[in-house]
Protein chains: 8
Amino acid sequence: RRTGLPEVIYSSGKTVKQVAQIAKRMYQNGMDILATRVTDAMFDAVKEVVPGAQYNPLAKTITYKHSEKKTGKGYVAIVAAGTSDMPVAEEAAETARFLDQKVETVYDVGVAGIHRLFHKLEVIREARVIIVVAGMEGALASVVGGLVDKPVIGVPSSVGYGANFDGLSALLSMLNSCASGVSVVNIDNGFGAACQAALINKLN
Amino acid sequence: RRTGLPEVIYSSGKTVKQVAQIAKRMYQNGMDILATRVTDAMFDAVKEVVPGAQYNPLAKTITYKHSEKKTGKGYVAIVAAGTSDMPVAEEAAETARFLDQKVETVYDVGVAGIHRLFHKLEVIREARVIIVVAGMEGALASVVGGLVDKPVIGVPSSVGYGANFDGLSALLSMLNSCASGVSVVNIDNGFGAACQAALINKLN
Amino acid sequence: RRTGLPEVIYSSGKTVKQVAQIAKRMYQNGMDILATRVTDAMFDAVKEVVPGAQYNPLAKTITYKHSEKKTGKGYVAIVAAGTSDMPVAEEAAETARFLDQKVETVYDVGVAGIHRLFHKLEVIREARVIIVVAGMEGALASVVGGLVDKPVIGVPSSVGYGANFDGLSALLSMLNSCASGVSVVNIDNGFGAACQAALINKLN
Amino acid sequence: RRTGLPEVIYSSGKTVKQVAQIAKRMYQNGMDILATRVTDAMFDAVKEVVPGAQYNPLAKTITYKHSEKKTGKGYVAIVAAGTSDMPVAEEAAETARFLDQKVETVYDVGVAGIHRLFHKLEVIREARVIIVVAGMEGALASVVGGLVDKPVIGVPSSVGYGANFDGLSALLSMLNSCASGVSVVNIDNGFGAACQAALINKLN
Amino acid sequence: RRTGLPEVIYSSGKTVKQVAQIAKRMYQNGMDILATRVTDAMFDAVKEVVPGAQYNPLAKTITYKHSEKKTGKGYVAIVAAGTSDMPVAEEAAETARFLDQKVETVYDVGVAGIHRLFHKLEVIREARVIIVVAGMEGALASVVGGLVDKPVIGVPSSVGYGANFDGLSALLSMLNSCASGVSVVNIDNGFGAACQAALINKLN
Amino acid sequence: RRTGLPEVIYSSGKTVKQVAQIAKRMYQNGMDILATRVTDAMFDAVKEVVPGAQYNPLAKTITYKHSEKKTGKGYVAIVAAGTSDMPVAEEAAETARFLDQKVETVYDVGVAGIHRLFHKLEVIREARVIIVVAGMEGALASVVGGLVDKPVIGVPSSVGYGANFDGLSALLSMLNSCASGVSVVNIDNGFGAACQAALINKLN
Amino acid sequence: RRTGLPEVIYSSGKTVKQVAQIAKRMYQNGMDILATRVTDAMFDAVKEVVPGAQYNPLAKTITYKHSEKKTGKGYVAIVAAGTSDMPVAEEAAETARFLDQKVETVYDVGVAGIHRLFHKLEVIREARVIIVVAGMEGALASVVGGLVDKPVIGVPSSVGYGANFDGLSALLSMLNSCASGVSVVNIDNGFGAACQAALINKLN
Amino acid sequence: RRTGLPEVIYSSGKTVKQVAQIAKRMYQNGMDILATRVTDAMFDAVKEVVPGAQYNPLAKTITYKHSEKKTGKGYVAIVAAGTSDMPVAEEAAETARFLDQKVETVYDVGVAGIHRLFHKLEVIREARVIIVVAGMEGALASVVGGLVDKPVIGVPSSVGYGANFDGLSALLSMLNSCASGVSVVNIDNGFGAACQAALINKLN
Ligand SMILES: Nc1ncnc2c1ncn2[C@@H]1O[C@H](COP(=O)(O)O)[C@@H](O)[C@H]1O
Ligand SMILES: Nc1ncnc2c1ncn2[C@@H]1O[C@H](COP(=O)(O)O)[C@@H](O)[C@H]1O
Ligand SMILES: Nc1ncnc2c1ncn2[C@@H]1O[C@H](COP(=O)(O)O)[C@@H](O)[C@H]1O
Ligand SMILES: Nc1ncnc2c1ncn2[C@@H]1O[C@H](COP(=O)(O)O)[C@@H](O)[C@H]1O
Ligand SMILES: [Mg+2]
Ligand SMILES: [Mg+2]
Ligand SMILES: [Mg+2]
Ligand SMILES: [Mg+2]
Ligand SMILES: [Mg+2]
Ligand SMILES: [Mg+2]
Ligand SMILES: [Mg+2]
Ligand SMILES: [Mg+2]
């Protein structure tokens, strides 16, 4: 495709029926399927029409690949600060895998207990591109950016309350990162981060 | 005094003449003098009427103490992320010293080069209370908060541009700190942080 | 622990089952338990697996201590403006007690009827550290800060409507306090305020 | 006049020449003159064409009345928190006097030193209407509102920095006042507050 | 009472039981009762314990007066822009009546059909104080302010959607009114506006 | 041209020299010239290279037309609330004339003195399209929109201070207009309003 | 009518019964009926009292015309970026048709796949006025504005999440359009855009 | 270096003397020099101590390389919407070249005249990574993202006025891009975009 990225079903605002219909059409046309922001009910409907469809209830994704092949020279590392950030991180992981990327995940390494991050540094440093998901103060993106020589894509999550303003604090934090190799996508946009990571890792 | 804190001259919005007059009156009444947010011209005027007045051009403070004595059981650590944060950190340092505190400063240990922070960890950990000044993403307060068992007072600085919105990013970051022992004062308010630090360190 | 603060269960966004499982594991490991932001259903599940667990339905906390001991030289005063601010104040009180602090609470002393505050001034002034919870215009933190010589930690509450913007008015108010010894934590963050208060009161 | 309020010159954004010309025309037409937000240069120009024009450099107002008479049954009290709020308070005072009101001013009674307010309570309580000017956290309006049985008009001032956001903190504070008899005008709008106060005090 | 205003029940965030209990206690103590922001269920519970309690389902108020008497020399006019603004206007009307004021209401006179306002101008102009409720662009406060010589209290309502931002557009509009005799209370705060109007109309 | 609108020089952020060079090139190529947001110095430079260039110092525009012709069936009415809004209104007027439109201007008809608007209603109603410029509360757009059966384009101006937030109050006001035929352009964008007005009036 | 636009039922915040009653009254008075923001239940109630009433469940509109006639010289083009923007686009379409306009719709032509827009350019260019509905980054309004010589009315939709802030991103985008013939209405206000489009297309 | 990026002088907030001293020290230590956000006076001082230093007055950068070598397999394309965006684009270009990247620039291809973009599509598509600089509505990033299969880094510029809010409109626009391969850096942060682009292009 022109943009290097296949068609994807963004299920938010769609009915169960609409999602199942689109999935069925894509399945019948021999297309691979990724649906994000799905509900349990959507999976129940899709699995009737797409045998073998996979559901990741944490990521809120449904995937179906006609065949598996991994591209990209190395892997995408997905790093998440807290357990509450895992849904966004998993959306990124499912998307990256759907886009034929190898993925390594490193979760629960937020800056309030930074020794946990250091224990996992090797696997982060050896990735070709790194996605960092963090809510609240979003500091993890800067800390990781200062420890690696690879591009870092920050995903601010909406985890938090009060002056978090639904993810604004993490978003501003990441945009103002004092580490120079960090760029940012929309709040909770694990999907978009994985798309860019895949385009990067496909470079050869 | 009722609040445990002496009178201080906040020079912003005052004329050179007003600052000099207040300083002179305080000097003649035997009061110690702290003026914050001063200009060079203010110091030129004050030193005429308060012999021995000290000027810290980075902190933008003038101080005069009739006698020195240090109170508090230990010291206040003042930690700053970048060199641009030093004026705010120095305002805090001058204020804390004026309030009879011992002070240790640890500068240029921002999270984009976190090894520099670890080299200085001992002096930070042994303080009784810690002030952390950081602009841009303000992540340093959370990182320090996760490494120590002492109260941490975050001072967001207005250092940065664009989506920094004059310190808002660091402010929100610190308010949403995932480290639990962190509280926050106004943007660039080194003075206020030092006041609270002094009240804490005076506890016995 | 490295940070002076034990592990705590933040229940918001967790399922009843997850909270009960974590509580059970902690109980079996001989750890004390504090869960914040719980629901009635969570307590019903936890009390099955943690005999003797205590529920504070106003604070929305579950606590269990293997043994009681009070540390800190004096007590933490928790001052709240209105009855609607009591949930946040009680979260702070439960957290402080869990962290082995003696606590005195002074509720319903908002600035619109300031004589009520003056009737309780003695117990506030004799604390070693003071938490002030207030919503709407959040003025109580400044008023208390101007009457005591102890550190004051302001907790803006989200109580209000309209131009309150979910606690923003009280937050900005407290950050701009004209009383110098006041610092601030996130909106509704009684937990965080108590953590810092405990770290302060543990100083000796 | 239809609105009970005479024409006034709002000098901001006008040239020295324009202000002088309007003043001259009004003088020649036998009209009383109030110009707000003036500069020194404007007064120099106006006094050439309006003999007897009065300048209040703190209030930044020029006034000229063909004859003096006081209306209203009692007086307007103008209460200001800090010395930096005095320009706004003086704009209100000059405007109220221009509108034929008796005025009592009570300055430097901010909430961080609330005993000063109590010393002046009598003169505030006996006014028929009260204007309260305060910047930073703007708490004074609520405190006064809780102590009197007269209408209180809050004027948030832009005094402050950082999270003050040019007066936003005081504005939101006053709008969320927990005292019920308080209304609010625009940031720094001493003029508007005095206009409403005059309309109130003219009621008989 | 010290503030000229009696105790009132703000029912938002209270349970049906709590509201009924407070109402009962007040009734038994011979106090008049005003409860705002009530639900149908609250009235069902209150009428069991307070015989003769009145419910205004549009205003969401319950009132009970042991005896009626009207004070104030004239009446309070309450002007509302659209039918959607009527709940806020009625909260103001019920509150003003509870505070012993005579009230005249003028509804559905928004600026998009300004001739309707002119048909009602007489009753507005003859009031001693005017409350103007308007959502969306809130222009009605300025228009009324320019047509009368009495104090105008603007109540921005949250009626609207999109860039209305829950009442922010009307709030800013009224704060920036080009008519000089206008002050403002919080979004949807019909209660507060009526309190100030009563304090004004009680002046003699 | 494809968009129906010729090339225009937006001078903000350009040097005097750059503006003069572009103007000269356009002149030599036989193109008509409109430069907006110019300074006096820019006109001094342009008139050297474009004989006959016209300067409107209030509008901050330079214009040069090789020949005059009026198109459009009727005229564009440009209505402004206050004298301070005239620069924006004049930018619109100069732009509309440059785009070959007949223009009628109606100034100083703000809603605080609404009778002045009614005196001019005829000329407004007979236009084919109406531009309304207003700052502060921006109410004029709604009032005009409710009185005419022609498209109204609102231009919020940045005139005001405090809670005006550089034009935000008027912008939100106009976007939330309760009059249905009103659309809006950017703050102070007289140019853009005139472009759309010209496209509308050129319809036949 | 004075404003060229008939009365319309804005159903948001009204009960099923209220909507049905108003519709019935209008029907009996021989008026045409347009109700926006309706629910399924509202249509069920309206069709009982208005035989022949039409429901567009996507647009959330009910319409009834006593007779059909098309006015305006050409047609209104309604262009929408994504399928999620279709409800807003359909509200515009139903409103325009109700106002006797011919309408052409061009959906699913967002800028991420700009070739789809180019395939439909002819029908857009030949309209007399164009409504562009887009959420997320709202770029479509600028792109269309740069390709046509007709007035473009942008409708920012609230489609999106995170830093979309309920339509703010598309709103600001359209207000800052670098294409000069673009004006904007409120977020999701398909109704208002169609009103202005009808007023424009009725010009002759 | 650990982060893959050398030390750089961020000159904003530094004095001429400080910049010259740092540059001299780096030169003497055999380090390459990049100083961003410089002034003319800074270059005058630096060229005295660093013979051969290069100044790009549009980019506001000073560079000095001890030797030139290009790394990366292909080139970085830098695309800018308008001429006012060129300073930010040039900061990116200078930074990328300093980081040993080949660079192709494509300027003045904003969406209001989208045919200009299509003329340059080949050179954009063949880059390995693309930086897009755009102010105002920032739509260019989405349009480019939809036309290429390479990672796109958006740099919102602060070019614009009014509801542009110093770059906020372009920032939100790019964060909400409907094209999936787009990430974003801070407003005006050409430097940061180039850092990430270099890290991407160095992948092999
Ligand atoms: N009410 C609260 N507000 C803010 N943070 C909390 C609260 N309760 C617990 N926490 C923090 O959240 C951590 C647990 O987060 P989690 O791992 O997501 O359960 C605890 O260790 C505390 O630091
Ligand atoms: N300081 C002020 N703040 C707000 N409005 C003012 C002020 N001074 C005067 N005004 C108003 O501005 C009007 C004059 O505006 P103008 O016609 O622009 O000079 C006066 O009639 C007053 O209503
Ligand atoms: N979807 C809509 N968005 C904005 N305004 C609308 C909408 N539908 C109707 N209106 C306006 O609302 C008015 C009716 O308001 P109401 O009197 O509250 O029913 C109509 O005359 C229209 O001007
Ligand atoms: N234009 C720029 N924008 C953002 N960050 C920059 C810029 N130029 C340099 N930097 C960063 O600022 C650091 C130097 O900061 P400092 O120590 O304050 O001089 C460099 O190492 C870069 O990471
Ligand atoms: Mg890095
Ligand atoms: Mg800690
Ligand atoms: Mg104190
Ligand atoms: Mg009162
Ligand atoms: Mg008036
Ligand atoms: Mg109209
Ligand atoms: Mg066009
Ligand atoms: Mg792409």
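The chains referred to below are lettered A, B, ... by the order of the sequence lines, with proteins before strands, and numbering in each begins at 1.
Between C/Leu175 and B/Leu171, some side-chain heavy-atom pair lies under the 4.5 Å cut-off. Looking at heavy atoms from C-beta onward, C/Asn176 lies in side-chain contact with B/Asn186 at the 4.5 angstrom threshold. Between B/Lys150 and C/Ile200, the closest side-chain pair of non-hydrogen atoms is not below 4.5 Å.
Side chain of C/Gln196 to main chain of B/Ser180: no donor-acceptor pair is present (N/O by atom type, distance under 3.5 Å, no hydrogens or angles).
Sparse packing is recorded around CG of B/Asp166, with 12 or fewer heavy atoms of other residues, nucleotides or ligands lying under 6.0 Å away. More than 12 heavy atoms of other residues, nucleotides or ligands lie within 6.0 Å of CG in B/Asp100, so this atom counts as buried by the packing criterion. More than 12 heavy atoms of other shown residues, nucleotides or ligands fall within 6.0 angstrom of atom NZ in B/Lys70. In this structure, C/Lys102 places its NZ atom where more than 12 heavy-atom neighbours from other residues, nucleotides or ligands lie under 6.0 Å away.
Considering only heavy-atom pairs separated by less than 4.5 Å from chain B, the leading option among C/Met174, C/Arg125, C/Lys202, C/Arg128 is C/Arg128. With chain C as the partner, the residue from B/Ser183, B/Ala193, B/Cys195 showing the most heavy-atom pairs under 4.5 Å is B/Ser183.
In plain terms, the two heavy atoms of C/Gly4 and B/Asp149 that are nearest each other are N-CB, 3.4 Å. Between B/Leu5 and C/Gly181, the closest heavy-atom pair is CD1-N, 4.1 Å.
With rounding to the nearest 0.5 angstrom, the CG atom of C/Leu203 is 9.0 Å from the NZ atom of B/Lys73.
The contact between B/Phe191 and chain C is made entirely by side chain atoms (from C-beta outward), counting heavy-atom distances below 4.5 Å. With a threshold of 4.5 angstrom between heavy atoms, C/Leu172 does not approach chain B through any atom at all.
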